[in-house]
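Below you'll find the structure, written out as structure tokens, and then a few comments.
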Protein chains: 2
Amino acid sequence: MVQEVRSRRRGRELEEAIYQAVWDELREHGFTRLTMDGVARRAGTSKPVLYRRWANRVEMLAAAATHFLPDSETVPDAGSLRANTIAVLKVMRERMRTTGRTTMLGLLTEIAANPEANAPVIETFIGFMRKIMTEVALARAVDRGEIEEEQITTRLRTLPLELARMEFIVTGDLPDVSIEEIVDTVFLPALEARRR
Amino acid sequence: MVQEVRSRRRGRELEEAIYQAVWDELREHGFTRLTMDGVARRAGTSKPVLYRRWANRVEMLAAAATHFLPDSETVPDAGSLRANTIAVLKVMRERMRTTGRTTMLGLLTEIAANPEANAPVIETFIGFMRKIMTEVALARAVDRGEIEEEQITTRLRTLPLELARMEFIVTGDLPDVSIEEIVDTVFLPALEARRR
DNA sequence: GCTCATAAGATACAGTTCGTATCTTATATA
DNA sequence: TATATAAGATACGAACTGTATCTTATGAGC
């Protein structure tokens, strides 16, 4: 035989192939119709290989999502709280588009059913954005003297993120106009009201 | 025979029994484990009866939810925009608690997959609350001269509702403290910022 | 280069659930 | 009382889940 294929992948290599298959199946069929058989077939492997790694569908999916979403983002300082908040919301939009609406809903459903077990998933999606919001938008604004540390409450810190997430979940997207509206007519005024 | 049971219910009566069965199954097993067989068994009927009425599980569930949620609410004037907005959010909380977190997520998932077909569901859940918000909180405040019609944008009208819904979906509840925080540190300041 | 433990991949399975088809029979209506 | 309609029982194919069992490729250690 001329063809000397590496017919059996292992470890990292195999896992990458599985993640890719999950992602492709997700694009093609959506979260609700993503099956273990489908992923196994597309990845050129078999179900037991999947179940040896993850206990169930959602765990596998969460791992794939985590794998494809960057766990750090470098957002250059845009010079103002307004511009940086808009930049953060655009990062969030990209992440949500990558993940997809029904996948987000599926993960939220799983989290609702099993909060402790899914703490890492919560961290990947929600905690991460809060971190970026704090570091990229708020901390810089405090440094710059644009706002006072005391103006920032948890509610206000997460406010633009919550609105962005809700809009994406319900409408399926988050246009630039909405981002600007959230920042200009809700976030900044609410923050401003706490001055002094 | 002494016992003269109506052994075969029809129409309205049968439907009420089905809705009740859906609701009970929902309480007992949650949205993800609600099965057609289970509902049929509990309602003392059979699957074909369900499928003659609704095309699938989600449609049936949406109908049951619509059936149990009041389609009008009388919220007495509490005297101020602040108090009325809080009252509206408490109505919303009751509706969300009645529906349940995973059921909401399930319906949202279905809406995402099939927006046109589920327009009535959207109306029941989202449109209804907007209407209450407008009638109970905003219109009265305008009448009272507390705010100007021009201050109200769609974004601001739905702002407290979006925040309340997101918090309920992610955390599973909406405590009084959150309601007050939403109204006092976000909604009213954002509205105030548009004065003049 | 050989041996061997490990894990990949194939296959088959029981158990659920969905949605449908088919049939019998109770019940409202004319 | 006759008849159309729909309820309810039952059974089914199809899809999917998660597991069990088996063979065999492959990397690590000798």
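Throughout, protein chains are lettered first and strands after them, A, B, ... in sequence-line order, and every chain is numbered starting at 1.
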Identify which nucleotide among [options] has an atom closest to any side-chain atom of [X], counting heavy atoms from C-beta outward.
X: B:V49; options: D:dA7, D:dA9, C:dA8; answer: D:dA7
X: B:Y51; options: D:dT19, C:dG19, D:dT10; answer: C:dG19
X: A:R10; options: D:dT26, D:dG8, D:dT17; answer: D:dT26
X: A:R8; options: C:dT27, C:dA8, D:dT17; answer: C:dA8
X: A:P48; options: C:dA8, D:dA9, D:dA20; answer: D:dA20

Whole angstrom is fine here: how far is it from [atom1] in [X] over to [atom2] in [N]?
X: B:M60; N: C:dG19; atom1: CE; atom2: C1'; answer: 13 Å
X: A:W54; N: D:dT19; atom1: CH2; atom2: P; answer: 15 Å
X: B:M36; N: D:dA11; atom1: CE; atom2: P; answer: 20 Å
X: B:K47; N: C:dT20; atom1: NZ; atom2: P; answer: 10 Å
X: A:R52; N: C:dA7; atom1: CZ; atom2: P; answer: 9 Å
X: A:L50; N: D:dC16; atom1: CG; atom2: C1'; answer: 14 Å
X: B:D37; N: D:dC12; atom1: CG; atom2: C1'; answer: 13 Å
X: A:E13; N: D:dA25; atom1: CD; atom2: C1'; answer: 14 Å

Check whether any side-chain nitrogen or oxygen of [X] sits under 4.0 Å from OP1 or OP2 of [N], and answer yes or no.
X: A:R53; N: C:dA8; result: yes
X: A:T45; N: C:dG9; result: yes
X: A:T35; N: D:dC16; result: no

Answer with yes or no whether A:R57 presents, from its side chain, a donor or acceptor under 3.5 Å of a partner atom in the base of D:dT17. no
Could you check A:R57 against A:L50 for side chain to side chain contact (heavy atoms under 4.5 Å, CB included), going step by step and ending with a plain yes or no? CA-CA 9 Å; A:R57 215 176 65 117; A:L50 305 182; over 6 Å; no
Base, sugar-phosphate or nothing for [X]? Non-hydrogen atoms, less than 4.0 Å.
X: B:I18; answer: nothing
X: A:R33; answer: nothing
X: B:N56; answer: sugar-phosphate
X: B:R41; answer: nothing

Would you call A:E25-A:R41 a salt bridge at under 4.0 Å N-O? no
Could you tell me whether A:R27 atom CZ has more than 12 heavy atoms of other residues or ligands within 6.0 Å of it? yes
Over 60° means perpendicular and under 30° means parallel, so classify the ring planes of B:F68 and B:Y19, tilted if in between. perpendicular
Please check this pair: side chain of A:T158 against backbone of A:L161, looking for a donor-acceptor N/O pair closer than 3.5 Å. no
